[in-house]
Novice: 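One structure is given below, represented as structure tokens, and several questions about it will come after.
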Amino acid sequence: MATDSVSVLKPAVPSEFDQHIVKVLRHRVGKDERAAKLHDWYTASILALRDQIIDGWFESTRRTHDAGGKRVYYLSMEFLIGRLLRDALSNIGMTCEMEKALAAHGLDLAAIEEMEPDAALGNGGLGRLAACFMESLATLDIPAYGYGIRYVNGMFRQRIDDGWQVELPETWLAHGNPWEFERLESSYRIGFGGEVVAEGDGVIWNPAEHVEATAIDTPVVGWRGKRVNTLRLWTASPLDPIKLDAFNAGDHFGALAEQVRADSLVRVLYPADSSPAGQELRLRQEYFFTAASIQDIVRRHVQYDGDIRTLPEKAAIQLNDTHPSVAVAELMRLMVDAHGLEFNEAWEICKRTISYTNHTLLPEALESWPLPLFERLLPRHMQIIYAINSRVLREARRAGCDDAQIAAISLIDESGERRVRMANLAFCGAHSVNGVAALHTELMKETVFADLHRLYPTRINNKTNGVTPRRWLQQCNPGLTRVIRDAIGDGFLDDAEKLIDLNALADDVQLGERVAEVKRSNKVALADYIKKTMGIRLDPDALFDVQIKRIHEYKRQLLNLIETVALYDQIRSHPERDWVPRVKIFGGKAAPSYHNAKLVIKLANDIARRVNSDPSVGGLLKVVFVPNYNVSLAERIIPAADLSEQISTAGMEASGTGNMKFALNGALTIGTLDGANVEIKERVGDDNIFIFGLTADEVAQKRADGYDPREVIEESRELSQALSAIASGVFSPDDPERYAGLMGGIHAGDWFMCAADFDSYTAAQRSVDARWEDPVRWRASAIRNIANVGWFSSDRTIAEYAREIWKVL
Ligand code: 26V
């Protein structure tokens, strides 16, 4: 039988594609079939596939050029792409062909796929959103460029040593990157520092230093290969790689200083999504990639159109958060200094071209730069920002703003050491400012941007986030995709909202069984992986309860852990009860400098060690912290989840996108009314989601009223027991004081409302148990989740941006 199946796959005559792979292997990789290692085949496969993609790429560019169409430019410090092979194969419809071609050489596509390193050029949600958007832009046939930085070291690799996070550099480029093309002809000089001098009517900026930005392009294939867009990442090199005179004089390091300075710009992704990295290098990175991108956009436009004034008709520039907000000043600088436009005219063109997305309201996360640093690094931009500010503040005064309102609107924060506010700069320089979920957008209007919103009441709008159903359903969960196709046909592959047809079948017991079978086999696959990599054995029939995301206090992994301890305690005290067997799965990275987040990781591991080795819970509870959570792990874990934990303190998670991926894969959500959870609830229906806890308004009210967590803790026996167990060292006998501070924080102020929401959370967990005990209802709920979250496709999100902001659809 086995021989038969191989002979079916092994064609007598090699396919054209197979021949092409072999040719590539020989001529471009430089190996013959007999000498080739798995990695050589991996490189050859991607290069051969890339050859198939390139023609579509040229064709897409030509089409846009001929049509004189408007292009979208998505500027983002982060693109969290993950792997590309399966995505490109599946979108271009060549998965089977590749499988057959590789099988002809005794190779397995899945093994080849595993060789690809994750392109982890992002921290989390914001970067992954940019990656989903790139795919949807190509899918919707919208001409677009993504602009970012080609970091040599992306997100760090996380190792867990004795329960503690250790950060290691990730060298994703170590074996080359077969996807990319270096574009030496697309290079720009980027200046820093120096001075601004008057010249004729205008001024010129004489930077003290320069680096060269060079484009490196990666093709992005849309669904069914309709369009191939470009992800253009910048790398840096010195104008003068070695100062020979210095070298010859014996100063070998000094001779290479410029090389080192350039390298450092693209060396690492800042891993802090816990507080904006205030370092000069970060501002240099921001200006470096923004200036290169804006210059590239302007050059392309002027080359084809001849007139900078028509830029808004041909280019829509979207700023992914404030990291590229210096684009406002750079575009103004090019128009005024290089193209001789009058300031006011340039300002109107700038606003019509640029739009800005806000991704967080947390005040400590809003970027601002010390004014002296900004002025030293970007003296001309500082002047331009002052000029913009004076216009905006005069406008505000005319509109009747008082001093407090003027101070809030100002691009310069004058409250302490003076700082440049990047969010205000982006807000003022853009015609559209959007939030990423309905609740988030309303809170933007009421909180951080209240005064700017009063001045420009039509600027803020909402674009609820989405995720690409290709990667997050079809590719990561082929089993479920097959079941859905059998149930409702293929329409949902092209339009995720057609999943809605599953509603009519939600109570179909047979469909429920098929969905459950797929879920179980995904759980078996995950359990195998965890057994192999961590040595922990999981019961695939237990409820897989998953919280995977960056570790952050507002995301409340701690609430989940406290509940885990309480549950552990309950199981031990009442072994006679019918407990639902649970596996609590955690994963996520902590910013290296974020002390409490790192402590939460240690706590998860301490609890896991204790619980997993306690025979008295007898397999009813297992706790796993999966190391090095990344896109590829998400693709394994999400299809295997029964329960999705989306439990942030209400008002603090702008949207969340993991929440959408889980629901799309048939997990039920336990969550607060925060971010996009609110809209998920509206769509899946109250009966198919477990909502608990304070609302955003209640959180704000409670904080204003002077909330005292001690009262809540005293009233809840379960909570106080769990807190004191953790605080007294039950899980850290080697260092009983380890969690005293963390638990003290809950008693002292409980900013994130873990205590306040605890009882409501445990109650919701017990209703999860009750639903699990009724598999028919659980499955019907899972189907209703899948059916109703097609709206959270990034195709829908991008179509909204395209119609309402960019005006390209
Ligand atoms: C920064 C900080 C700094 C200080 C304290 C907390 C905090 C939290 C997050 C950040 C990063 C801000 C930008 C960001 O990554 N936002 C995420 O964007 C996603 C895509 O829109 C969205 O789904 C997440 O809810 C949002 O946190």
Side-chain angles (χ1 to χ4, degrees), residues 74 76-80 121-134 136 155 269-278 282 286 318-325 356-368 422-423 426 433-441 443-444 448 462-468 472 548-557 588-597 600 631 634 644-663 671-680 696 751-752 792 794 797-798 800-801:
Y74 198 79
S76 178
M77 276 290 260
E78 304 190 4
F79 287 92
L80 189 42
L121 310 184
N123 270 289
L126 172 144
R128 184 53 235 175
L129 185 77
C132 285
F133 279 8
M134 287 306 296
S136 279
M155 190 58 204
L269 164 79
Y270 273 94
D273 82 341
S274 53
S275 67
R282 167 76 180 200
E286 292 184 357
Q318 187 73 38
L319 308 181
N320 194 26
D321 215 306
T322 56
H323 319 140
S325 8
Y356 152 59
T357 306
N358 172 277
H359 295 269
T360 181
L361 296 173
L362 307 178
E364 65 272 37
L366 294 178
E367 261 193 314
S368 69
M422 302 307 266
V433 176
N434 75 280
V436 290
L439 172 66
H440 167 64
T441 301
L443 292 173
M444 277 169 72
V448 241
N462 180 56
K463 296 289 168 281
T464 298
N465 282 167
V467 301
T468 168
W472 297 110
I548 43 174
K549 48 182 81 242
R550 284 300 288 253
I551 311 295
H552 218 297
E553 285 164 288
Y554 84 80
K555 294 177 188 282
R556 297 201 293 193
Q557 282 91 355
K589 292 173 180 173
S593 60
Y594 192 168
H595 179 259
N596 278 355
V600 163
V631 173
S644 154
E645 299 268 356
Q646 308 299 336
I647 60 176
S648 51
T649 314
M652 302 191 83
E653 187 72 272
S655 162
T657 45
N659 45 5
M660 302 165 188
K661 296 165 194 167
F662 279 102
T672 47
L673 284 177
D674 200 16
N677 295 353
V678 177
E679 290 153 88
I680 293 177
W751 180 253
F752 301 99
F792 296 96
S794 44
T797 311
I798 286 297
E800 289 181 8
Y801 276 89

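Each ligand, and each atom within it, is numbered from 1 in the order the structure gives. Count residues from 1 along the sequence.
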Novice: Is Glu364 close to ligand 1, meaning an N/O of one under 3.5 Å from an N/O of the other?
Specialist: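 In this structure, Glu364 places no N or O atom under 3.5 Å from an N or O of ligand 1.
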
Novice: Working to the nearest 0.5 angstrom, can you tell me the gap between Arg556 CZ and Thr672 OG1?
Specialist: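 Reported to 0.5 Å precision, the distance equals 6.0 Å.
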
Novice: What do you reckon, does Thr360 have a nitrogen or oxygen under 3.5 Å from a nitrogen or oxygen of ligand 1?
Specialist: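 For ligand 1, there is no N or O atom that lies under 3.5 Å from one belonging to Thr360.
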
Novice: Between Pro363 and Val448, is any pair of side-chain heavy atoms under 4.5 Å apart?
Specialist: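 No, too far: nothing below the 4.5 Å cut-off.
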
Novice: Within a strict 4.5 Å, meaning less than it, do heavy atoms of the Asn659 and Glu653 side chains meet?
Specialist: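 Asn659 vs Glu653: side chains apart.
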
Novice: Run the numbers for me: atoms of ligand 1, each under 4.0 Å from some heavy atom of Asp321, listed by number.
Specialist: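 Here the atoms of ligand 1 in question are 13 (C).
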
Novice: Short N/O distance, under 3.5 Å, between Ala365 and ligand 1?
Specialist: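 No, Ala365 has no N/O under 3.5 Å of an N/O on ligand 1.
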
Novice: Is there any N or O on Tyr554 that sits under 3.5 Å from an N or O of ligand 1?
Specialist: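 Yes, Tyr554 has an N/O under 3.5 Å of an N/O on ligand 1.
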
Novice: In ligand 1, which numbered atoms sit nearer than 4.0 Å to a non-hydrogen atom of Leu362?
Specialist: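 Near Leu362, meaning under 4.0 Å from one of its heavy atoms, ligand 1 has 5 (C), 6 (C), 7 (C), 8 (C).
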
Novice: I want to check something: taking the side chain as every heavy atom from C-beta on, are Met422 and His323 in contact at a cut-off of under 4.5 Å?
Specialist: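 No, their side chains stay 4.5 Å or more apart.
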
Novice: Within ligand 1, which atoms have a heavy atom of Val436 less than 4.0 Å away?
Specialist: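 Result: 21 (O).
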
Novice: Geometry only, no angles: is Asn465 polar-contacting ligand 1 at N/O separations under 3.5 Å?
Specialist: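 N/O-N/O distance under 3.5 Å: yes.
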
Novice: For ligand 1, which is the ligand I care about here, please tell me if His552 has any N or O atom under 3.5 Å from one of the ligand's N or O atoms.
Specialist: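 Min N/O separation from ligand 1 is not below 3.5 Å for His552.
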
Novice: So, 4.0 Å and heavy atoms of Gly124: is ligand 1 close enough to count as a contact?
Specialist: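 Gly124: no contact with ligand 1 (<4.0 Å).
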
Novice: Residue-level breakdown please: for Asn123 versus ligand 1, do any non-hydrogen atoms fall below 4.0 Å on the side chain, on the backbone, on both, or on neither?
Specialist: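 Neither part.
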
Novice: So Thr657 and Asn465, side-chain hydrogen bond (donor to acceptor under 3.5 Å, both in side chains) or not? Walk me through it.
Specialist: CA-CA 7 Å; Thr657 45; Asn465 282 167; 5.7 Å; no

Novice: Going by the closest heavy atom to atom 22 (C) of ligand 1, which one wins out of Gly127, Gly656, Pro363?
Specialist: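 Comparing heavy atoms across Gly127, Gly656, Pro363, the nearest one to atom 22 (C) of ligand 1 lies in Gly656.
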
Novice: In terms of side-chain heavy atoms, does Tyr594 have a donor or acceptor partner in Asn596 at a distance below 3.5 Å?
Specialist: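 No, because no side-chain N or O of Tyr594 sits under 3.5 Å from a partner of the opposite role on Asn596.
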
Novice: Which ligand 1 atoms does Ala654 reach within 4.0 Å, using its non-hydrogen atoms?
Specialist: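 In order of numbering, the contacting atoms are 25 (O).
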
Novice: Under a 4.5 Å cut-off applied to non-hydrogen side-chain atoms, are Asp674 and Leu439 in contact?
Specialist: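 Yes, side chains in contact.
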
Novice: Would you call His359 and Leu129 a side-chain contact if the rule is heavy atoms closer than 4.5 Å?
Specialist: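 Side chain of His359 against side chain of Leu129, heavy atoms only: contact under 4.5 Å found.
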
Novice: Consider only side-chain N and O atoms of Asn320 and Thr357, and report whether a donor and an acceptor are under 3.5 Å apart.
Specialist: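 No, Thr357 and Asn320 have no side-chain donor paired with an acceptor closer than 3.5 Å.
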
